[in-house]
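Below: the structure, in structure tokens.
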Amino acid sequence: MLNPAKTAAIILAGGTSSRMGEERNKLLLPLHNRPVVAHVLEAALGSHARPIVLVLGHQAATVWEKLQHTLEKNDILVVKNPDYRLGQSTSMRAGLRGLHALPDDYTKDVDAAIFLLGDQPMLTSTMIDELLALRERTGKRIVLPLYQGQRGNPVIFSLELAPELLAVTGDEGGRGVLKRHPDEIATLEMGEEAANFDVDTWEAYLAVQGAWQQRMLD
């Protein structure tokens, strides 16, 4: 049976949207009448992952304002990453440190974190919970999804690996940690390739819009 207290959710939403162009903030682009990042936050809230940490960086005040109603209504820790320009690893570190700083009442049973990308709006609560359940079944220290056989996000890391994650620099994220622990990875085929779409470029945003419309029709 799934233990909802064991895995925290850390949402990485601090990037500069440098590939989007025209000074657009990819997290705030509209999708079904809500910002892209709001869909990721909703997926986390609907899952069993707790507590939830949201890491902001680029245009943090604007993103917070757009999410204000949801953030104030729910028990979510918001962490600002002042070093967000130095790459995704800085948001990952900020999220882990924010999680560590929470009161024991929130974290006493937490032994893993699932890292969600703030620009992956097709992800669902069900997909998150399927990954949490796989970790419970296998006991593996790393769990990640496959989309038509290709590795994707989000990824669960045991907090035993936190020292390695905190040592990552630049825009690498957790790739190096995955390479060092190939035998400790459990994977789950998600089937729906669109769930792995991220909104890095304008073309990718258009693809996500199309995938969303198709999901609504199915």
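For clarity, every value in this text was computed on a predicted model and none was experimentally measured. Scope of the values below: all heavy atoms of this structure, side chains included, with no hydrogens, waters or symmetry mates. Count residues from 1 along the sequence.
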Could you walk me through whether Arg135 and Asp111 pass the side chain to side chain contact (heavy atoms under 4.5 Å, CB included) check?
-> CA-CA 11 Å; Arg135 180 171 181 270; Asp111 63 2; 3.2 Å; yes

State which residues pass side chain to side chain donor-acceptor pair (under 3.5 Å) with Thr90; sequence neighbours excluded, sorted by chain then number.
-> Asn81

Partner set under side chain to side chain contact (heavy atoms under 4.5 Å, CB included) for Leu77, not counting sequence neighbours | Val53, Val79, Leu102

Report the residues that fulfil salt bridge (charged side-chain N to carboxylate O under 4.0 Å, His left out) with Arg137, sequence neighbours left out, ordered by chain and then residue number.
-> none

Tell me, please, which residues at least two apart from Asp183 pass side chain to side chain donor-acceptor pair (under 3.5 Å).
-> none

Within the side chain of Tyr205, is there an N or O that forms a donor-acceptor pair under 3.5 Å with the backbone of Pro30?
-> yes

Euclidean distance, Ser47 OG relative to Glu130 CD, rounded to 0.5 Å = 12.0 Å

Considering non-hydrogen atoms only, spot the tightest contact between Ile11 and Ala44 and give its length.
-> CD1-CB, 4.0 Å

With distance as the sole test, does His39 use its side chain to make a donor-acceptor pair with the main-chain N or O of Leu31 at under 3.5 Å?
-> yes

Calculate, to the nearest 0.5 Å, the distance between atoms CG and NZ belonging to Leu56 and Lys80 respectively.
-> 7.5 Å

Are Val143 and Leu132 side-chain neighbours, meaning at least one heavy-atom pair lies under 4.5 Å?
-> no

Taking side chain to side chain donor-acceptor pair (under 3.5 Å) as the test, write out the residues that go with Glu65, two or more places apart.
-> none

Do Tyr84 and Leu96 share a hydrophobic cluster, counting only Ile, Leu, Val, Met, Phe, Trp and Tyr and linking them when any side-chain heavy atoms are less than 4.5 Å apart?
-> no

Using atom types as modelled and distance alone, determine if a side-chain donor or acceptor of Asp129 lies under 3.5 Å from a backbone N or O of His48.
-> yes

For the pair Val36 and Val208, evaluate side chain to side chain contact (heavy atoms under 4.5 Å, CB included) and give the outcome as yes or no after the intermediate values.
-> CA-CA 10 Å; Val36 162; Val208 165; 5.9 Å; no

Please list, chain by chain and in numerical order, all residues satisfying side chain to side chain donor-acceptor pair (under 3.5 Å) with Glu189, sequence neighbours excluded.
-> none

Does one hydrophobic cluster hold both Leu86 and Met92, with members joined at side-chain heavy-atom distances below 4.5 Å?
-> no

Of all pairs that satisfy salt bridge (Lys or Arg N to Asp or Glu O under 4.0 Å), the ones with a partner from residues 83-108, not counting sequence neighbours = none

Residues which pass side chain to side chain contact (heavy atoms under 4.5 Å, CB included) with Leu206, listed by chain and number, not counting sequence neighbours | Trp202, Gln209

Going by heavy atoms in the side chains, are Val155 and Ile142 under 4.5 Å from each other?
-> yes

Find the distance between OG1 (Thr201) and CZ (Arg24) and round it off to the nearest 0.5 Å.
-> 10.0 Å

Can you find a heavy atom in the side chain of Leu165 that is under 4.5 Å from one in the side chain of Phe115?
-> yes

How far apart are the C-alpha atoms of Leu131 and Ile114, what are their side-chain angles, what is the distance that settles it, and do they pass the side chain to side chain contact (heavy atoms under 4.5 Å, CB included) test?
-> CA-CA 9 Å; Leu131 292 169; Ile114 183 167; 4.2 Å; yes

Side chain to side chain contact (heavy atoms under 4.5 Å, CB included) assessment of Ile76 paired with Leu67 = CA-CA 11 Å; Ile76 298 166; Leu67 299 175; over 6 Å; no

So do Pro51 and Val110 actually touch side chain to side chain, heavy atoms under 4.5 Å?
-> yes

The ring-ring contact (aromatic ring centres under 6.0 Å, His included) partners of His32 (sequence neighbours excluded) come to Trp212

CD1 of Ile52 to CG of Asp75, rounded to nearest 0.5 Å, is 9.0 Å

Do the side chains of Leu27 and Val199 get nearer than 4.5 Å, heavy atoms only?
-> no

Compare every heavy atom of Ala13 with every heavy atom of Val37, then report the nearest pair and how far apart it is.
-> CG2-CB, 4.2 Å

Spell out, as yes or no, whether a donor-acceptor pair under 3.5 Å connects the side chain of Arg50 to the backbone of Thr107.
-> no

Compare all side-chain heavy atoms of Leu146 with those of Met190 and state whether any distance is below 4.5 angstrom.
-> no

Side chain to side chain contact (heavy atoms under 4.5 Å, CB included) filter on Gln150, not counting sequence neighbours, yields none

For residues Ser91 and Leu12, determine if any side-chain heavy atom of one lies less than 4.5 Å from a side-chain heavy atom of the other.
-> yes

Locate the shortest heavy-atom distance separating Ala8 from Ala49; write the atom from each residue and the value.
-> C-CB, 4.3 Å

Could you list the donor-acceptor pairs under 3.5 angstrom formed by side chains in residues 116-126, with sequence neighbours left out?
residue : atom : partner : partner atom : Å
Asp119  : OD2  : Lys26   : NZ           : 2.9
Gln120  : NE2  : Asn153  : O            : 2.9
Gln120  : NE2  : Ala195  : O            : 3.0
Gln120  : NE2  : Asn196  : OD1          : 3.4
Thr124  : OG1  : Met127  : N            : 3.2
Ser125  : OG   : Ala43   : O            : 2.8

Please tell me if the side chains of Thr70 and Leu41 come closer than 4.5 Å, counting only heavy atoms from C-beta onward.
-> yes

If you look only at pairs with a residue in residues 140-166, which of them pass as a salt bridge (Lys or Arg N to Asp or Glu O under 4.0 Å), with sequence neighbours excluded?
-> Arg141-Glu160, Arg141-Glu184, Glu164-Arg180

